[in-house]
Amino acid sequence: MYSLIGALVVLVGLTTVAATESRARRLDRRMTRLEHKIDLLLRHGGIEDDDPALAEVAALARRGQDVAAVKKYREATGAGLLEAKQAVDRVKADDGRS
C-alpha cells in the first residue's frame, strides 16, 4: 500500500516538474523574441545601448573572439549559453550589414 502511494507521489512530482520546465522553456522563447524586437526598435530609432559590458561583447565579437564574447554576455546578462550565442551571432550579423 505504501509503495503504491509512494509511486503515485513520485509520478505526480515528475509530472509537475515536466510541466514547469515546459512552461519555463516557452517563457524563455517569448523573452528572447521580445528582446530581439526591442533591439530592432532601438536600432531603428537610432538609440544606442550604452551598457559598457555589452559594448565589450560587441568588440570581442567583431574581433572574432566568439567564446570570450559569449562568456562576457552571460556574465553581464545572466543569460544561458544558447541565448548568449544567439546574441553574439546577431551582433556579428548586424556588423556584416553595416
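Here the CZ atom belonging to Arg90 is positioned 8.5 Å from the CZ atom belonging to Arg43, to the nearest 0.5 angstrom. Atoms CG and OG, on Leu27 and Ser22 in that order, are 9.5 Å from each other to the nearest 0.5 Å. In this structure, CZ on Arg30 lies 16.0 Å from CZ on Arg25, to the nearest 0.5 angstrom. Atom CG of Asp39 is separated from atom NE2 of His36 by 7.5 Å, given to the nearest 0.5 angstrom. Atom CD in Glu75 sits 9.0 Å away from atom CD in Glu56 (nearest 0.5 Å).
Met31 is not connected to Tyr73 by any chain of hydrophobic side-chain contacts under 4.5 Å among Ile, Leu, Val, Met, Phe, Trp and Tyr, and they are in different clusters. One hydrophobic cluster holds both Ile38 and Ile47 under the rule that ILVMFWY side chains link at heavy-atom gaps under 4.5 Å. Hydrophobic clustering (side-chain heavy atoms under 4.5 Å, transitive across Ile, Leu, Val, Met, Phe, Trp, Tyr) groups Val88 together with Leu81. Cluster annotation: Tyr2 and Val10 are assigned to distinct hydrophobic clusters (Ile/Leu/Val/Met/Phe/Trp/Tyr, side-chain heavy-atom contacts under 4.5 Å, transitive).
Contact detail for Ala79 and Arg74: the closest heavy-atom pair is O-NE, 3.2 Å. When all heavy atoms are compared, the tightest approach of Ala76 to Ala53 is CB-CB, 3.6 Å.
Using a cut-off of 4.0 Å between Lys/Arg side-chain N and Asp/Glu carboxylate O, Asp89 and Lys85 are scored as salt-bridged.
For the pair Glu35 and Glu83, the minimum side-chain heavy-atom distance is below 4.5 Å.
Under the 3.5 Å distance criterion, the side-chain polar atoms of Thr16 are matched with a main-chain donor or acceptor of Val12.
For the side chain to side chain contact (heavy atoms under 4.5 Å, CB included) test with Gln86, the passing option among Thr32, Val91, Val70 is Thr32; the others fail.
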Next item on the list: For the pair Lys92 and Asp66, evaluate side chain to side chain contact (heavy atoms under 4.5 Å, CB included) and give the outcome as yes or no after the intermediate values.
Entry: CA-CA 9 Å; Lys92 291 173 73 172; Asp66 292 3; 2.8 Å; yes
Next item on the list: Walk me through it: do Leu54 and Thr77 pass the test side chain to side chain contact (heavy atoms under 4.5 Å, CB included)?
Entry: CA-CA 9 Å; Leu54 296 180; Thr77 65; 4.1 Å; yes
